[in-house]
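Each remark here refers to the structure printed beneath this line.
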Amino acid sequence: MTAHILVIDDDPQERRSLKAVIESRGHAVHVAESDQAGLEVFRKMRGEIDAVLLDLKSGEGNRLSVLSFLDRLRADVPVIVQTAESGTDLAVEAMRAGAFDFVVKPTSLERIATAVSNALKLHESDGSGRPLKRGRSASVSFSDIIAASAGMARVLELGRRAVQSHLPIMVEGEAGVGKEMLARAIHSASERSGRPFVAVNCAAIPHATIEAVLFGRPEQDGVDEGLIGKFKEADGGTLFIEEIGDLPLHTQAKLLEAVQKGEIIAAGSHNPHKVDVRIIASTSKDLIEEVKANRFREDLYYRLSVFPITVPALRRRKEDIVHLARAFAERFSAEQRLQRPLGIGSGALALLTAYDWPGNVRQLENAVFRAVVLAEGDELTERDFPQVAAQLPGRGGPLTTVASRTPAGAVDELASKTAGTPLVAESGHSSTVAAPAPFANVAASANVIVSTDESGNVRKLAEVEEELIRFALKFYRGQMSQVARKLGIGRSTLYRKLKDYGIDPDNPQKDAA
């Protein structure tokens, strides 16, 4: 069956090459030289387009907005993004925004054609290239949330406590960690469970219309039918405000008034309406930093953060990965109507556990879904996760040895816990610890941060912090987003620390040595 593929790329040579290779697979190709032209083609042919191949260039503004527009026009069409090697962070952001797959250039045309074929296979299997949107409206209980790790057990404990109160809740954590699932579990266990749970994502709504979306807009002379607003939709129930850090300041003021008074005023109106809504807000930003930068109101922050819950990133709760992967494999096997659930081999589980998952649980879910649909055997193996394996440089290679002063009995434990982090040397007996393979391209001495000075006293925290930041800048080649993410701090915090330590943020690698 002939599929229709839309290629959006501003390079005419690339468009011709991609058109030729995709057409050689028996598909029809439609090309566009710009985002605007591509969206126009998509609007006209929205019922016919089966997949989109979009070229992302990090230096041309917010290209991810194209994903958002495509999603609004038709959410079931898989989008494959291309990005240059220097734009891998952008590719990861695209995956978080809903892209089906990404390809890092330079790569072969065959690799791109294969990505398109995989997207079409998934699209044909259940009509959706974006499995992560399934079940968002379904009822969720605390028992549905996997919490094998101590960090997630603490989250569930706080969630159950939150059920008993009517206070606003602030759920913090990176994108994809499961903030909405926790919010739904709290709602389902509360006395409001019989009333609506309404979710609204501030990052996905234009600033010009978000006030009307939240508070409603009256009908205007029969021309505009108006909006009821999310607050009224959630009356008696729970309103989940996602990415509240993206709410514009003028709307923050109106939200504060609604929280304080329990009443709202529709956009363009002067008549207040009483509403009974419990607010659960979420953010992937450091709101304290946003307050300091005057991008978020301090009074609103403290009003909404009465009951804060932080959901840890998946890389900080690796105990959950095996359980999550198996649960996803079982669920997707049932949805694909397989005779029996696909198992996951030990090699594949080791691979999944070794990866850091920058897109968190959402990315893991997407990877397992893709593997289940494309699997040819009765068990998922490492071969079913090629994208994960490709992002683990040095995996399976020889380990480098790093001289570290560590108590001999703690060698194995330290080696297992330091994956992805430089080793910190302690005073004591000398031992040799095998550093993870990703450090193979870094000199051994660069992997050791000494914790005591020449006098045997513990070094100042600022000195150790500066050394770690310089190491991270060098290790991640000055990729600021990745450095901030790996250090577990916000970008604004990282830039402030660079200034404190005299490191040029425009050329961080130069000063990191």
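For this chain, numbers begin at 1 and follow the sequence in order.
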### Query
Taking side chain as C-beta onward, heavy atoms only, is Leu182 less than 4.5 Å from Val140?
no
### Message
Using modelled atom types and a 3.5 Å cut-off, is there a donor and acceptor pairing between side-chain atoms of Asn360 and backbone atoms of Arg362?
### Response
no
### Lys285 bridged to Asp246 by N-O distance under 4.0 Å
yes
### Message
Using a 3.5 Å distance criterion without hydrogens, assess whether the side chain of Asp356 forms a donor-acceptor pair with backbone atoms of Pro358.
### Response
no
### Query
Is there a donor-acceptor pair under 3.5 Å between the side chain of Glu243 and the backbone N or O of Ser284?
yes
### Message
So Asp144 and Met181, do their side chains get closer than 4.5 Å, heavy atoms only?
### Response
yes
### Task
Keeping the roles fixed (side chain from His187, backbone from Arg195), state whether a donor-acceptor pair exists under 3.5 Å.
yes
### Query
Taking the six-membered ring of Phe240 as reference, does the NZ or CZ atom of Arg184 fall below 6.0 Å from its centre and within a 45° cone about the axis?
no
### Message
Can you tell whether the side chains of Glu330 and Arg326 come within less than 4.0 Å, N to carboxylate O?
### Response
no
### Query
Would you find a donor on one side and an acceptor on the other, under 3.5 Å apart, between the side chain of Glu14 and the backbone of Asp10?
no
### Task
Only one of Ile112, Ile22, Asp9, Leu109 passes side-chain contact (heavy atoms from CB on, under 4.5 Å) with Ser17; say which it is.
Leu109
### Check against side chain to side chain contact (heavy atoms under 4.5 Å, CB included), Leu39 and Ile8
CA-CA 9 Å; Leu39 289 172; Ile8 305 176; 6.0 Å; no
### Message
Tell me whether the rings of His4 and His30 are parallel (<30°), tilted (30 to 60°) or perpendicular (>60°).
### Response
parallel
### Query
Is a side-chain N or O of Ser24 found less than 3.5 angstrom from the main chain of Val21, in a donor-acceptor match?
yes
### Verdict with reasoning, Val116 to Ile5, per side chain to side chain contact (heavy atoms under 4.5 Å, CB included)
CA-CA 8 Å; Val116 172; Ile5 314 298; 3.9 Å; yes
### Check: Glu242/Ser282 side-chain N/O donor and acceptor closer than 3.5 Å
no
### Task
Using side-chain contact (heavy atoms from CB on, under 4.5 Å) as the criterion, point out the one residue from Ile279, Asn201, Ile280 that pairs with Ile241.
Ile279
### Message
Test your reading of the model: is there a side-chain donor-acceptor pair from Lys318 to the backbone of Tyr355, 3.5 Å cut-off?
### Response
yes
### Task
Decide side chain to side chain donor-acceptor pair (under 3.5 Å) for Thr283 and Glu172; before the verdict, give the C-alpha distance in whole Å, the side-chain angles of both, and the deciding distance to 0.1 Å.
CA-CA 5 Å; Thr283 179; Glu172 301 171 309; over 6 Å; no
### Query
Is the shortest heavy-atom distance from the side chain of Ile145 to the side chain of Leu156 under 4.5 Å?
yes
### Task
Would you mind telling me which of Lys179, Arg315, Arg485, Arg316 makes a side chain to side chain donor-acceptor pair (under 3.5 Å) with Glu174?
Arg315
### Query
Would Gln82 and Leu18 count as a side chain to side chain contact (heavy atoms under 4.5 Å, CB included) if you check the C-alpha gap in whole Å, the side-chain angles of each, and the deciding distance to 0.1 Å?
CA-CA 12 Å; Gln82 296 182 84; Leu18 291 169; 3.6 Å; yes
### Stepwise side chain to side chain contact (heavy atoms under 4.5 Å, CB included) test for Leu352 and Trp357
CA-CA 9 Å; Leu352 298 179; Trp357 300 106; 3.5 Å; yes
### Query
Arg317 side chain to Pro312 main-chain N or O, any donor-acceptor pair under 3.5 Å?
yes
### Query
Within the distance-only criterion (no hydrogens, no angle test), does the side chain of Ser333 pair as donor or acceptor with the backbone N or O of Ala329 below 3.5 angstrom?
yes
#### Entry: Note: Arg154-Glu157 ion pair, threshold 4.0 Å (strictly below)
yes
### Query
Under 3.5 Å, side chain of Ser149 to main-chain N/O of Asp320, donor-acceptor pair present?
no
